[in-house]
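Residue numbers begin at 1 in each chain, while the letters A, B, ... track the order of the sequences.
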Amino acid sequence: MSKALLEDLEWRGLIAQSTDRKELETALAKPISLYLGVDPTAPSMHLGNLVVFLVLRRFQLAGHRPIALVGGATGLVGDPSGKNDERTLNEEKLVADWVSKIRKQVEKILDFKDKGVSAKLVNNLDWTKSVSALELLRDIGKHFSVNQMLAKDSVATRLSSTGISYTEFSYQVLQAYDYLELYRRDQCKLQIGGSDQWGNIVAGLDLIRKVEGGSAHALTVPLLAKSDGSKFGKTASGAIWLDENMTSAYEFFQFWLNSDDADLPKLLKVFSMKDRAEIERLIETVKVNPGAREAHRELAREMTALIHGQQVAKSVEEAAKALFGQGEIGDLDLKTLDSALSQLPKTTIKKGDPYPSWVDLLAATGVVDSKSAARRIVKEGGGYLNNKKVESEDFTPSKNDLLHGKYLLLRKGKRDLAAVEVIS
RNA sequence: GGCGGGUUGCCCGAGCGGCCAAUGGGAGGGGACUGUAAAUCCCCCGGCUCUGCCUUCGAAGGUUCAAAUCCUUCACCCGCCA
């Protein structure tokens, strides 16, 4: 079991670094507890976080017990890893709010009902907040060598550039303490994380060895990049978030569907829970018949269902199918149109009110940033009403343009859609 | 502490009194080609009540008919010396 899991992770390209492979294999021969932490630095996790959480899920599926740690405490301090500048501290209340939002997302990814290896969710604030400064310095701090702390990449990088505050410098101590705590209370023997977490994780291993004389393990996952080397999981409008209010389910689905063919093999391996044989089959379809985008679609379905639920995934896919279909948009029946448009950003206008001009409408729906941008788009032939190009800047839609007497479908470019609904 | 260099639009980076909303590259956007892909080619890329007007060149003052460009003060960064 242990060997198969590690081999699978290896094949998927999900192992960046680990402590001694043989020992890790041995440890994994029996079910163990392992943990993964996220710091609440935003109201939602994004695809980068998801990668590592899916690895945690893979461990759970292989029979191990996952502990998801949300860093209510560490999030207040700020991790210097991978950051060029000191971060501004967030309000406690805000962080607490983010913690609760992230919790909900974690609950979708891991199985909390599994009888044997039910997942567990913890918040490091619970054991950190009552520790006094003196206790921390005497009981924990004593085991840290500043020499070693300074040598850590995250710290060294900052020392040679913009500097680092005592607060962020102490981050690794807190994270190490987390590992120790989980080692003690849950016999947690493995911590996983993004490859930028290696230093922090190792700090924990050292602490466990010094304080408890115990041995624990570490495994990191590579940071994901696209085939062209650019950062993965970013679009023009920013990161792809798991929160529906930040990245709609429709956008989320479209993100996968529109992925570069060249990235598909990697994406499938990293994100999909499908087995190796199935993934290899899908990769083959990309080569044989790329235009069909079967693999894109499968992945989009799987990911959307995981994060937004089966139902939503289905309706979002249907919406895309209807809106991008070959036929006349006006031929869609009202029911299909209703549900398709419900997935899009929408603005309303009151029945009887004068219709805004074409340019105003584009700007109002948010498909373009400003009226200037809207004019530009129209001039360039990138504005479409009900899937028909409208090149005149002074055009104003009218009642006759309404679909089923209530909708206008706006589009910028090839796939940026929005809806306008006339309400009474 | 002393001397010198820097801070420009999303990022990098020119400009160094009027011709500057500001050269060039990247990112991004539109079009063509396609498959709601990539590559390629063409075009665009501060805002608005758009033949004009308004706001931008670290911050605040000042000189001038006119400043991103000159002067003063402040903040931050980077070198060299102590």
Looking only at atom [atom1], what distance separates [N] and [M], rounded to whole Å?
| N | M | atom1 | result |
| --- | --- | --- | --- |
| U40(B) | U7(B) | P | 33 Å |
| A27(B) | C76(B) | P | 35 Å |
| C57(B) | C11(B) | P | 14 Å |
| G5(B) | U56(B) | C1' | 25 Å |
| G6(B) | C10(B) | P | 23 Å |
| A39(B) | G26(B) | P | 13 Å |

Hey, is [X] close enough to [Y] for a salt bridge, meaning N to O under 4.0 Å?
| X | Y | answer |
| --- | --- | --- |
| Lys406(A) | Asp338(A) | yes |
| Asp206(A) | Arg209(A) | yes |
| Arg415(A) | Glu251(A) | no |
| Glu318(A) | Lys314(A) | no |
| Arg21(A) | Glu10(A) | yes |

What contact category does [X] fall into here, base, sugar-phosphate, or nothing, at under 4.0 angstrom with non-hydrogen atoms?
| X | answer |
| --- | --- |
| Lys412(A) | sugar-phosphate |
| Ala292(A) | nothing |
| Leu257(A) | base |
| Ser372(A) | base |
| Phe253(A) | nothing |
| Gly382(A) | sugar-phosphate |

Base-pairing mate for [N] - Watson-Crick or G-U, with both contacts under 3.5 Å:
| N | result |
| --- | --- |
| G79(B) | C3(B) |
| A59(B) | U73(B) |
| A27(B) | none |

Earlier contact from the 5' end, RNA chain B, for Ala320(A) and Lys414(A): Lys414(A)
Nearest-nucleotide 5' precedence on RNA chain B, Asp369(A) against Arg415(A): Arg415(A)
Side chain of Asp260(A) (C-beta onward), nearest among G30(B), U36(B), A38(B): A38(B)
Would one find a side-chain N or O of [X] under 4.0 angstrom from OP1 or OP2 of [N]?
| X | N | value |
| --- | --- | --- |
| Ser370(A) | C48(B) | yes |
| Tyr384(A) | G31(B) | yes |
| Lys371(A) | G46(B) | no |
| Arg376(A) | G47(B) | yes |

hbond_proxy Asp261(A) side chain to G35(B) base (donor-acceptor, 3.5 Å cutoff):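 Yes, a donor-acceptor pair under 3.5 Å.
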Ring centers of Phe252(A), Trp241(A) separated by less than 6.0 Å: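 That pair fails the under 6.0 Å test.
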